[in-house]
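As C-alpha cells, the structure follows; a few thoughts come after it.
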Amino acid sequence: MKHGRKLLAPVAGYTPGEQPTDPGVIKLNTNENPYPPSPKVMEALRALDPGALRRYPDPVSARFRAACAARHGLPGPEWVIAGNGMDELLSLVLRTFVDPGDDVLAPYPTYSLYEVLCALHGCRMVSVDLDGDFQLTEAFFKTPARLCFLARPNAPTGVAVPRGAVERLCREFPGIVVIDEAYVDFCDDHCMDFPERFENAIVMRTFSKSFSLAGMRVGVAAARPELINEFMKVKDSYNMNAVSQAVGLAAIEDYGYMRASAERVRATRAWLRAELTALGFNVPESQSNFLLARWAGTPNARGLFEALRGEKNILVRYFPHRMLADALRITVGTDDECAALVRALGEIIG
Ligand SMILES: Cc1ncc(COP(=O)(O)O)c(C=O)c1O
C-alpha cells in the first residue's frame, strides 16, 4: 500500500460477527439481546426535539453521566465518562494511558479487539494463557505491563474469574487495570465498587447487551476523577451524539426493565446449557449471555457451525483459533430460538 503507514501494514483489523440481511436467520452469533429495549427508550426517541439534532450535543454528556453515577453508587458524574459504545472507550484508554512501544497485558483467550487496538496503537500485547478452567494463572499475576485488559465475564468463554482475583490484580499490578464488564448484568456480581477502592481500576460497561442497544452505541467507564480528566483531554469533542445521550439516559432510568430482561436471558441460559450438555457438549458455566459449547464429536465444531449456517439457517460464532477451535460460541436467544438450535444440533449430530 503506497500511502499506508508502516505500522498498519501487518494489522488485519477486527473481524466483527456477521450481520445477515435475511430476516429468516436465527441469529445467535454476536451476543445481542433477543428482547427489545425499554419502551421508555422508544418514547425518548419519539420525543426528541429537532433542535437537539440541529445543535451540537452536550460535549460532556452531563445528564447521562450523572444518572449513571447515581445508579452505580459512584460519588459523582466526575467519576464517569460516556462513549460511543464501549469499543470507543477501549480505544481511548490506550491513547490516554499507554505510550506506543509499551506492553499491554491480557489473558488468552479473550475479546480479540484488545489485540487489534494494541497493534493499531503501536504497543505490544502480552497474552498469558488462561488455565484449563479459563481462570487466571500465577504467570498472569506476575507479568508487569503498563495496562491490563480483563473481561469479566470473559468473552468468548463466558467464565467470570472470582472477584477476589480482580482485587488481587488491582493491588499487585503496576499499571491501569481495565475491567471490561460488557456482560456483567448477566453475572452474579460485579466490580463497580473498585474505582473507589483502587486508584488504578477502570470499570467499563456497554449498553449493547443487557440494555438491548447495540445499534445505538452507548458505553461508559467509571474511574477516579483524575483518570477521567485524562480521558476527557483525549476524547473527540462530541464523542456521544444527542440521540445516544437521550436514549442512554432513558435506558439507565428504566433499570428495572433491563434487570427483568437480563433475568429472562439467564433463565434461558440455564435451560440451553442443560440441553447442550445432554447432547454431549462440554459447556463451562457461563455468567454472560452466551455459552461456549465445546465439542469432541463428529462432525467437528467447524462442521457443526457450517451445517447450522448452511442447512438450518442458524448463525453461531466459530473461532478457528488456539483453545477455541473445538467450540461454538452461542448467544442466548429467545426460548424458541434456543429450542430451534437444540433441535437442529440434534439432527446434525444424529
Ligand atoms: C468483552 C466485550 N467488551 C466490549 C464489547 C463492545 O461493546 P460495544 O458494543 O459497547 O462497543 C464487546 C462486544 O461484543 C465485548 O464482547
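Note that the structure is predicted; figures quoted are calculated from it, not measured. All heavy atoms count here, side chains included; hydrogens, waters and symmetry mates do not. Here, residue 1 is the first one in the sequence, and each next residue gets the next number. Atoms within each ligand, like the ligands themselves, are counted from 1 in listed order.
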**Message:** For the backbone of Asp188 and the side chain of Gln287, can you confirm whether one donor and one acceptor N or O come within less than 3.5 Å of each other?
**Reply:**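 Yes; at least one donor-acceptor contact below 3.5 Å.
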
**Prompt:** Should Gly85 be counted as touching ligand 1, given the test is an N or O pair under 3.5 Å?
**Reply:**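 Min N/O separation from ligand 1 is not below 3.5 Å for Gly85.
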
Can you name the atoms of ligand 1, numbered from 1 with element, that are less than 4.0 Å from a heavy atom of [X]?
X      : result
Ser208 : 8 (P), 9 (O), 10 (O)
Thr206 : 7 (O), 8 (P), 9 (O), 10 (O)
Arg217 : 8 (P), 9 (O), 11 (O)

**Message:** Under 4.0 Å, heavy-atom basis, I'd like to know which part of Tyr183 is in contact with ligand 1: side chain, backbone, both or neither.
**Reply:**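 The part of Tyr183 near ligand 1 is the side chain, not the backbone.
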
**Message:** Does the plane of the ring in Tyr56 sit parallel, tilted or perpendicular to the ring in Tyr238? Use 30° and 60° as the thresholds.
**Reply:**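 Judged by the thresholds at 30° and 60°, the geometry between Tyr56 and Tyr238 is parallel.
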
**Asked** Angle class for the Tyr114/Phe149 ring planes (parallel below 30°, perpendicular above 60°, tilted otherwise)?
**Response**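 Rings of Tyr114 and Phe149: parallel, as their planes differ by under 30°.
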
**Asked** Does the side chain of Pro100 come within less than 4.5 Å of His121's, by heavy atoms?
**Response**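 In contact.
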
**Prompt:** Side-chain contact, heavy-atom cut-off 4.5 Å: Phe281 with Leu304?
**Reply:**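 In contact.
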
Considering non-hydrogen atoms of the protein only, which is the closest contact for [atom], and what is the distance?
atom                    : value
atom 13 (C) of ligand 1 : Lys209 NZ, 3.2 Å
atom 1 (C) of ligand 1  : Asp180 OD2, 3.3 Å
atom 6 (C) of ligand 1  : Asp87 OD1, 3.0 Å

**Check: Tyr257 ring centroid to Phe211 ring centroid under 6.0 Å** =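 Ring centres of Phe211 and Tyr257 not closer than 6.0 Å.
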
